[in-house]
Amino acid sequence: MMAEISGRTKIAALFGCPVEHTKSPRMQNAAFAATGIDGCYVAFSVPPQELSGAVQGIRSFGMLGVNLTIPHKEAVLPLLDEIDPEAQFIGAVNTIVNRSGRLCGFNTDGRGFMRSLAEAGIAAAGKRVLMLGAGGAARAVGYYLAREASSLVIVNRTRGKADQLAADLNRVNPVVSVADHVSLASPALLAEVDVVVNTTSLGLKEGDALPLDTTYIEPRHAVCDLIYHKTPLLQAASAKGATVLNGSGMLLWQGALAFELWTGQAAPVEVMRAALE
Ligand code: NAP
């Protein structure tokens with residue numbers, strides 16, 4: 001139940017385009033209600049040409065801060081006063097915190113993913129990891145996987161993007177390599193890894209191709225997908241006896257971390273999880 005809006009209510013929001021299907025208001029408003037913080041979260045459909053004005057509005061309205069989603073995560077960088085080093089590396093901001101008019105950008109996606117992994121009992125530390133994709137989510141997740149894994153292999157449809165991401169991640173920890181997209185059909189690739197992380201958008205839409213040949217998945221594998229539901233990849237991996245994890249935990253934890261950045265208080269994670277479900 002949302003607390004009553006008062007003259008003191010502070011606003012947090014999502015800026016994206018489109019935003020109609022987001023579950024974030026449900027999750028964040030449950031958190032405000034559970035903690036007794038006089039706050040409220042709304043979703044604003046902000047077209048790209050209005051982003052600059054909307055960001056100025058964070059200051060003008062004295063908002064707590066905002067989350068950003070497609071298409072604003074990269075475009076917002078030059079509009080901020082400060083960018084956290086992790087968000088700078090990723091090149092994308094998903095959370096802005098308003099510190100007395102100073103707008104600070106963070107990216108909670110990578111940490112959110114790692115928290116969801118840990119919660120599912122999947123260890124990346126010392127493991128051999130295969131990451132499919134080299135887009136924005138791969139940069140966020142790869143930032144942590146490269147630190148923890150004993151090796152990280154990236155495969156992406158567009159090879160140049162995988163090469164660039166591997167070069168950047170090797171500056172974090174030199175354990176990263178790139179394999180050709182055609183190797184996704186070879187038994188050798190899966191034989192040499194313990195954990196598979198799909199960061200591509202394949203599986204989002206009905207009829208999408210699988211992001212890798214699942215023939216060689218074994219029960220010893222852990223297969224994770226950043227997509228929120230049980231994708232065909234996860235269904236196939238599950239049928240092979242592998243441990244699987246979808247992206248709903250990442251969504252929860254990136255939101256919990258944003259709530260903590262805005263309020264300085266521990267997020268009521270179980271309340272937020274129940275609200276998402
Ligand atoms: P992005 O920057 O657009 O990257 C998309 C990635 O998917 C690229 O590697 C792209 O390869 C690959 N891809 C797209 N279509 C493909 C196809 N037909 N065949 C092979 N590869 C294809 O998107 P993103 O922001 O990284 O998001 C990726 C996924 O992560 C989305 O499904 C998103 O919903 C999910 N996500 C989840 C969370 C969460 O909280 N759970 C957070 C962020 C993102 P190319 O480079 O070759 O184009």
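When reading the values below, keep in mind they use all heavy atoms of this one structure, side chains included, and skip hydrogens, waters and symmetry mates. A quick note: this is a predicted structure, and the numbers were derived from the prediction, not measured. Atoms within a ligand are numbered from 1 in the order they appear, just like the ligands themselves.
Remark: the Asn94 side chain and the Asn67 side chain contain no N/O donor-acceptor pair separated by less than 3.5 Å. Thr95 and Asn107 share no donor-acceptor pair across their side chains, judged by distance under 3.5 Å alone.
Taking the ring centre of Phe89 as origin, the terminal cationic atom of Arg139 falls inside the region bounded by 6.0 Å and 45° from the ring axis.
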Kindly print each ligand 1 N/O atom paired with any protein N/O atom under 3.5 angstrom away, one pair per line, or none if nothing qualifies.
residue  : atom   : partner : partner atom : Å
ligand 1 : 2 (O)  : Gly136  : N            : 2.9
ligand 1 : 7 (O)  : Ser201  : N            : 3.3
ligand 1 : 9 (O)  : Ala134  : N            : 3.0
ligand 1 : 9 (O)  : Asn156  : OD1          : 2.7
ligand 1 : 11 (O) : Asn156  : OD1          : 3.2
ligand 1 : 18 (N) : Arg157  : NH1          : 3.3
ligand 1 : 26 (O) : Gly136  : N            : 3.2
ligand 1 : 26 (O) : Ala137  : N            : 2.8
ligand 1 : 40 (O) : Leu251  : N            : 3.4
ligand 1 : 41 (N) : Leu226  : O            : 2.9
ligand 1 : 41 (N) : Gly247  : O            : 3.0
ligand 1 : 46 (O) : Asn156  : ND2          : 2.8
ligand 1 : 46 (O) : Lys161  : NZ           : 2.8
ligand 1 : 47 (O) : Arg157  : NE           : 3.0
ligand 1 : 47 (O) : Thr158  : N            : 3.0
ligand 1 : 47 (O) : Thr158  : OG1          : 2.5
ligand 1 : 48 (O) : Arg157  : NH2          : 2.9

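Residues Asp109 and Lys73 meet the side-chain proximity criterion, which asks for heavy atoms closer than 4.5 Å.
None of Thr231, Thr200, Thr199 except one satisfies the side-chain hydrogen bond (donor to acceptor under 3.5 Å, both in side chains) rule with Asp225; the exception is Thr231.
Tyr41 and Phe259 have their aromatic ring centers separated by at least 6.0 angstrom.
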